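Heads up: the structure comes next, in structure tokens.
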Amino acid sequence: MTIPTPIRVIIVDDQAMVRAGFAALLSAQSDIDVVGEAPDGRQGIEVSRSAHPDVVLMDVRMPEMDGLAAARELLDPPVGVVHRPKVLMLTTFDVDDYVYEALRAGASGFLLKDAPPADLISAVRVVAAGEALLAPSVTRRLIADFARQRPAPRKDPSLRLNGLTPRETEVLELIARGLSNQEIAGRLVLAEQTVKTHIGRVLAKLDLRDRAQAVIFAYESGLVSPGSDGGS
């Protein structure tokens, strides 16, 4: 029987106690290895480039280089750098204006620093598996709020929707409204595996990295109106 490879994680936070606490919690899990830590974004990039983690837990506010700038560099690396980890932003409500920009840059989601320990462990596993951490209703409201207040124009994003089939467009809209694959399957009366297939095609056609970017794109293209709940 093949033993799954542990999820490799680094922790980037300017508070030593936060790093130590998170490291102790995650290292106690049999499927997670903490392979490095750093006190600021610049050192976080260096550690990531050498340790090749699967997931980077990235604080937003740090000296030298903040988490947003570090996330951008990790997710859009210079020529010659192949490794691109998943990035999970650590934040508090008073810095949520940075979260939208982080998601646009390609971060896989965000987690409140005072979240329960079980949520942190789950978040690492979810992000490592390629999913975006966007399920809670509070997150849906925040994303909609960012999209309404901080629209970032793209080059005719609505035109890119033309390449989607009606069903794919429908699936994208439900993703943006925060529905899980299971909920989308129930809403559209489809098998969950079929929903996953549609999502994969949507991401490929729109050249999006993951579910988080799909949510941002749906708002920016005008497919979803911020603040609307779509009757759900």
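Since the model is a prediction, treat every value here as computed from it, not as a measurement.
Considering all non-hydrogen atoms of both residues, Gly44 and Ile10 come closest at O-CD1, 3.8 Å. Ile11 and Ala23 get closest at one heavy-atom pair: CD1-N, 3.4 Å. Across all their heavy atoms, Ile175 and Ile184 have their closest contact at CG1-CD1, 3.9 Å. Contact between Ser48 and Pro85 at its shortest, heavy atoms only, is OG-CG, 3.7 Å. The two residues Met89 and Val87 come nearest to each other via the heavy atoms SD-CG1, 3.7 Å. Across every non-hydrogen atom of Ala107 and Leu75, the tightest pair is N-CD1, 3.4 Å.
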**Study point:** Val195/Leu188 under side-chain contact (heavy atoms from CB on, under 4.5 Å): CA gap, chis, key distance, verdict
**Key:** CA-CA 9 Å; Val195 171; Leu188 300 181; 5.7 Å; no

Practice item. Go through the steps to decide whether Leu161 and Phe217 satisfy the test side-chain contact (heavy atoms from CB on, under 4.5 Å), and finish with yes or no. Key: CA-CA 10 Å; Leu161 287 171; Phe217 179 88; 3.7 Å; yes

Practice item. Any chance you could lay out the salt bridge (charged side-chain N to carboxylate O under 4.0 Å, His left out) test for Glu46 and Arg42, step after step, and finish with the verdict? Key: CA-CA 7 Å; Glu46 294 175 2; Arg42 195 170 303 283; over 6 Å; no

Practice item. Check the pair Ile121 / Leu26 against side-chain contact (heavy atoms from CB on, under 4.5 Å), numbers first and verdict last. Key: CA-CA 6 Å; Ile121 296 167; Leu26 294 173; 4.2 Å; yes

Practice item. Check the pair Asp54, Thr5 against side-chain contact (heavy atoms from CB on, under 4.5 Å), reporting the backbone distance first and the verdict last. Key: CA-CA 11 Å; Asp54 300 302; Thr5 303; 6.0 Å; no

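Taking CG from Leu164 and CD from Glu173, the interatomic distance works out to 12.0 Å, rounded to the nearest 0.5 Å. Here Ile45 contributes atom CD1 and Ser50 contributes atom OG; the two are 12.0 Å apart, rounded to the nearest 0.5 Å. Separation of atoms CG (Asp14) and CG (Asp66) is listed at 11.0 Å; rounding is to 0.5 Å. Atom-to-atom distance recorded for Leu203:CG and Glu168:CD is 10.5 Å, nearest 0.5 angstrom. Note that CG of Leu68 and CE of Met62 are 10.0 Å apart. Values are rounded to the nearest 0.5 Å. For the atom pair CZ of Phe22 and CG of Asp13, the computed distance is 7.0 Å after rounding to the nearest 0.5 Å.
Under the 4.0 Å criterion applied to side-chain N and carboxylate O atoms, Arg187 and Glu183 are not assigned as salt-bridge partners.
Side-chain contact between Pro39 and Glu64 is absent, with no heavy-atom pair separated by less than 4.5 Å. Considering only heavy atoms from C-beta on, His198 comes within 4.5 Å of Leu190 through its side chain.
At distances below 3.5 Å, at least one donor-acceptor pair connects side-chain atoms of Ser221 with backbone N or O atoms of Ala218. Side-chain N or O atoms of Lys86 include none that pairs as donor or acceptor with a backbone N or O of Val127 at under 3.5 Å. Although no hydrogens or angles enter the test, the distance criterion places a donor-acceptor pair under 3.5 Å between the side chain of Gln29 and the main chain of Leu25.
Asn181 pairs by the side-chain hydrogen bond (donor to acceptor under 3.5 Å, both in side chains) definition with Arg211, not counting sequence neighbours.
Residue pairs meeting the ring-ring contact (aromatic ring centres under 6.0 Å, His included) criterion with at least one partner in residues 62-85, sequence neighbours excluded, are His52-His83.
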